[in-house]
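Working notes, beginning with the structure itself.
In listed order, ligands and their atoms are each counted from 1. These figures come from a predicted structure and were not determined experimentally.
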Amino acid sequence: MRILVTGAAGFIGTNFVHYWVQEHPDDAVVALDALTYAGSRENLADIDVPFVHADIGDTEAVGAALREYDIDTVVNFAAESHNSLAVLDPGRFLQTNVLGTQRLLDACRSAGVARFHHISTCEVYGDLALDSGSDAAFTEQSPYRPRTPYNASKAGSDHVVRAYHETFDVPVTITNCANNYGPYQFPEKVLPLFITYALRDRPLPIYTSADHRREWLHVRDHCTAIDAVLHRGRIGATYNVGSGLERTVTQLADDVLALLGKPQDLRVTVPDRPGHDRRYLLDSSVLRTELGWRPEVDFAAGLADTVRWYAEHRAWWSRLQERSLVTESSW
Ligand code: NAD
C-alpha cells in the first residue's frame, strides 16, 4: 500500500504511523497534518516518512500530495477532537470535521484513490443510560443521536463519507471507535490530564457526574482494527471498534492515583461540561466475527505502561500543556 495518513501528528495518527511502519515495512507511508495546537511534528521525528504540512480542507495541496506520492490509500484521522473546546468554539469543529472531510474526499475522488478510510467515534450514537445493561451497546445500525458539537461534527463527517460512496462511488470504509488511551495523547484529554496533574501534585478536576463511564481501548488495538479493515474490510462498510471494558471517571482517577502512589484527596469536583454524555458502549461483534479482530492489550497493563510513558516524557507534555485552549471550568 501507499498510504497518506492525515492528522498524523496527533495522538492516534502518530501511533498509527509508528505501528504501520513497524508492521508493514514494505508499504510507503506519507504523513499529513495542519499542525494545529493539537499536532506535534516532533512526534514523528524518530521515523523516516515524508511530512506534508497541509490542511485537509486544502483540496489542491492534498491533491498535489496524492499525485506526488502516488497514494492509493488515505486514512483520515485529521479532526478537531476535544469535546470541551467544541463547547466554546463549535464553528471550528464543523469547519474541519465536516467541510474539511468533504474537501479531502473531493481530492481523493479526483485522484481516484483505491480506499478512503475514515476514523470516527462511538460518540455519534449519543449516550446510554447509566443503568442500561451491557446488551444496550450501540451497533452499526444504531441511529445517530449526537448531543454535543464535537459529536455532531463527527456524525456529519460520517454522513458525508457515506454520501461520497453512494453518489460518487468513492471506495470508503469507516471505523467508529471507543475512547482510546496510550502514549502521545494531548494532555487536555481526561486520562493524560489526570496523569500529568497527578505527576505535578495538582488536584484532578472531576466533573460532578463522576459516575459517567466510558469504554477504553488501547491505541495499539485501534491500529490493529484499522489494519484489519484496510486489508479485509468490505467497501462501503462501517465497523464499531470497542473493548467492552468500562471505567467511571472516578475509577479512572483512582487507577491513576494508585499507580503513581498519590492520595485520593487529590480529587476535586468541578462543574459538569454542558451536554456531558453519560455512557458509551459499542457492540463490536461485526469486526470480531467478520474480520477476526480482537483487542490484545490488557487494560491494567496498558494503563500502567501509559502512566510510565507520561512520567518519562515530562518535557513533551509540559510544552503541550502550555498550548491547551481550555480549562475544565470554562463554562
Ligand atoms: P488529536 O486532536 O490528537 O489529533 C488530531 C490531529 O489532526 C492533530 O495533529 C491536528 O493538528 C490535526 N488536524 C486538525 N485539523 C486539521 C486539518 N484541518 N487538516 C489537517 N490536520 C488537522 O486527535 P486524536 O485523538 O488523535 O483523534 C484522531 C481521530 O480519531 C479524530 O477523528 C477523532 O475524532 C477520532 N477518535 C478519537 C478517539 C479518542 O479517544 N482519542 C476515539 C474515537 C475516535
Side-chain angles (χ1 to χ4, degrees), residues 4-18 31-44 51-59 61-62 65 74-86 89 92-104 107 117-125 138 146 148-158 161 174-193 214-219 221-223 225-226 239-243 252 277 280 282 284 306 317 320 323-326:
L4 180 73
V5 180
T6 68
F11 164 45
I12 310 177
T14 291
N15 279 282
F16 182 78
V17 170
H18 282 95
L32 181 145
D33 202 290
L35 297 178
T36 68
Y37 79 98
S40 292
R41 179 78 183 82
E42 68 185 279
N43 291 358
L44 302 170
F51 182 82
V52 180
H53 185 190
D55 191 309
I56 54 166
D58 185 343
T59 308
V62 174
V74 172
V75 183
N76 180 31
F77 294 95
E80 288 293 342
S81 69
H82 191 29
N83 247 312
S84 300
L85 181 58
D89 188 2
R92 83 189 261 166
F93 284 69
L94 276 291
Q95 182 68 40
T96 288
N97 299 357
V98 183
L99 292 177
T101 300
Q102 181 260 323
R103 292 188 184 127
L104 178 63
H117 182 71
H118 183 62
I119 305 298
S120 193
T121 164
C122 57
E123 303 186 23
V124 297
Y125 300 118
F138 297 119
T148 72
Y150 164 66
N151 299 350
S153 70
K154 291 299 292 183
S157 70
D158 292 7
V161 172
I174 301 177
T175 40
N176 291 79
C177 191
N179 270 38
N180 283 214
Y181 70 98
Y184 294 105
Q185 188 168 28
F186 196 97
E188 66 190 352
K189 303 287 167 43
V190 64
L191 182 60
L193 186 118
R214 300 287 180 260
E215 180 184 13
W216 290 96
L217 182 80
H218 193 274
V219 65
D221 284 328
H222 190 180
C223 294
I226 300 163
Y239 297 91
N240 284 347
V241 188
S243 62
L252 200 65
D277 286 333
Y280 317 115
L282 291 172
S284 48
T306 303
W317 56 258
L320 265 55
R323 306 205 308 236
S324 278
L325 301 178
V326 188

- Kindly indicate, with the supporting measurements, whether the criterion side chain to side chain contact (heavy atoms under 4.5 Å, CB included) is fulfilled by His118 and Phe77. CA-CA 7 Å; His118 183 62; Phe77 294 95; over 6 Å; no

- Would Val74 and Leu4 satisfy side chain to side chain contact (heavy atoms under 4.5 Å, CB included), going step by step from the backbone distance to the final call? CA-CA 5 Å; Val74 172; Leu4 180 73; 4.2 Å; yes

- Item | Heavy-atom pair of closest approach, residues Ala178 and Gly242 |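 What the structure gives for the nearest pair is CB-CA, 4.2 Å.
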
- Query: Can you tell me how far CG of Asn179 sits from CD of Gln185, rounded to the nearest 0.5 angstrom?
  - Reply: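 Gln185 atom CD to Asn179 atom CG measures 8.0 Å (nearest 0.5 Å).
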
- Residues which pass ring-ring contact (aromatic ring centres under 6.0 Å, His included) with Phe51, listed by chain and number, not counting sequence neighbours: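 Here no residue qualifies.
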
- Would you say Asn15's side chain and Gly182's backbone share a donor-acceptor pair under 3.5 angstrom?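 Absent.
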
- Query: Taking any residue with a non-hydrogen atom under 4.0 angstrom from an atom of ligand 1, which ones do you get?
  - Reply: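 Contacting ligand 1 under 4.0 Å are Gly7, Ala9, Gly10, Phe11, Ile12, Asp33, Ala34, Leu35, Thr36, Ala38, Gly39, Ala54, Asp55, Ile56, Phe77, Ala78, Ala79, Ser81, Thr96, Ile119, Ser120, Thr121, Tyr150, Lys154, Cys177, Ala178, Asn179, Asn180, Gln185.
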
